[in-house]
Amino acid sequence: DADLIFQSSDNIHFHIHRKYLEANTGAFPPSEFEIGGDEIVPLTESSVTLELLFSFIYPQRHPELEDVPFEIIEPLAEAAEKYQVFSAMHICHLRMKCFIPTHPVEVLSYACRHDYPLVISAAAEVAVALPLTESVQLMPPHLIMPWVRTLFE
C-alpha cells in the first residue's frame with residue numbers, strides 16, 4: 001500500500017509511504033506534489049544508503065549503527081542531511097564524531113558543510129596535525145582562510 005517508489009543509483013526500488021516522509025523529513029516532496037502512481041523517482045544514493053535512511057522514517061525502532069563502518073556512515077550522514085531525515089541526522093552526526101581519529105579531514109568537511117560546531121572543533125584538533133594541503137582539500141571554500149589563519153596565530 002506504499003504510494004511512492006524511489007530508485008537507488010544501483011536500480012533497487014523502495015516502496016515508501018508518503019505520510020511517513022511528510023511526518024519525519026523536511027526535504028522529500030509533500031502531498032501537494034503529485035507523483036503518478038507508477039512513477040519512479042530516481043535518487044543518487046545507493047541501495048545500502050537508502051535502505052538505512054528509509055528505516056529512520058517509519059515508526060519503529062531505528063537501526064543500530066554502532067558497528068557500521070565509515071564507508072557506510074558517511075554517505076548515510078550526507079543523505080540524512082540532504083533529505084532532512086531528522087532522526088537519522090542526529091545519530092549520524094554522533095557516529096561521524098566517533099570517526100574523528102581515523103577520518104579527521106572527512107569528518108571536519110562534513111561538520112563544516114552541515115554546521116556542527118562541536119564536531120568541527122573536535123575534528124579540527126586532530127586535523128591540524130595533518131599536512132595543510134590534505135586538510136584544505138576537503139574543506140568548504142569559505143572556511144579555508146579562517147582555518148589557515150588559526151594555524152599561524
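The residues of the chain are indexed from 1 along the displayed sequence. Every value quoted in this text rests on a predicted model; they were computed, and no experiment measured them.
- Considering only residues two or more places apart in sequence or on other chains, Ser46 meets the side chain to side chain donor-acceptor pair (under 3.5 Å) condition with Thr49.
- Heavy-atom minimum distance, Arg18 versus Leu4: NH2-CD2, 3.4 Å.
- Counting only heavy atoms from C-beta outward, the side chains of Phe6 and Leu21 approach each other to under 4.5 Å.
- The side-chain hydrogen bond (donor to acceptor under 3.5 Å, both in side chains) pairs that include a residue from residues 50-62 are His17-Tyr58, where partners are two or more places apart or lie in different chains.
- Take Asp115 and apply the side chain to side chain donor-acceptor pair (under 3.5 Å) test, not counting sequence neighbours, and it matches no residue.
- Here the side chains of Tyr20 and Glu22 are not in contact, with every heavy-atom distance at 4.5 Å or above.
- No donor-acceptor pair closer than 3.5 Å links the side chain of Ser47 to the backbone N or O of Asp10.
- For the side chain to side chain donor-acceptor pair (under 3.5 Å) test, no residue two or more places apart in sequence or in another chain qualifies with Ser121.
- Taking the ring pair (Phe, Tyr, Trp, His ring centres under 6.0 Å) definition, one finds that His13 meets it with nothing, sequence neighbours left out.
- Contact annotation: the side chain of Leu52 approaches that of Leu65 to within less than 4.5 Å [non-hydrogen atoms, C-beta and beyond].
- Checking side-chain atoms of His93 against main-chain N and O of His90 turns up a donor-acceptor pair under 3.5 Å.
- Heavy atoms only, all atoms of each residue included: Pro104 and Pro101 are closest at CD-O, 4.2 Å.
- Looking at Ile57 and Thr25, their side chains come closer than 4.5 Å, going by heavy atoms from C-beta outward.
- Every ring pair (Phe, Tyr, Trp, His ring centres under 6.0 Å) that Tyr83 has, sequence neighbours left out, goes to Phe28.
- The two residues Cys92 and Tyr110 come nearest to each other via the heavy atoms C-OH, 4.1 Å.
- Expressed to the nearest 0.5 Å, how far CD1 of Ile91 lies from CZ of Phe56 amounts to 6.5 Å.
- Here Glu64 pairs with Glu66 under the side-chain contact (heavy atoms from CB on, under 4.5 Å) rule; sequence neighbours left out.
- Residues that satisfy the salt bridge (Lys or Arg N to Asp or Glu O under 4.0 Å) test with Lys82, not counting sequence neighbours, are Glu45.
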Stepwise side-chain contact (heavy atoms from CB on, under 4.5 Å) test for Met96 and Phe70: CA-CA 8 Å; Met96 288 293 282; Phe70 180 78; 3.9 Å; yes

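- Residues Val68 and Phe99 come closest through the heavy atom pair O-CZ, 3.5 Å.
- The shortest side-chain heavy-atom distance between Leu108 and Ile120 falls under the 4.5 Å cut-off.
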Identify all side-chain donor-acceptor contacts of residues 71-81 below 3.5 Å with residues at least two apart in sequence or on another chain.
{"from": "Glu78", "atom 1": "OE1", "to": "His114", "atom 2": "NE2", "distance (Å)": "2.8"}
{"from": "Glu78", "atom 1": "OE2", "to": "Arg113", "atom 2": "NH2", "distance (Å)": "2.3"}
{"from": "Glu81", "atom 1": "OE2", "to": "Tyr116", "atom 2": "OH", "distance (Å)": "2.4"}

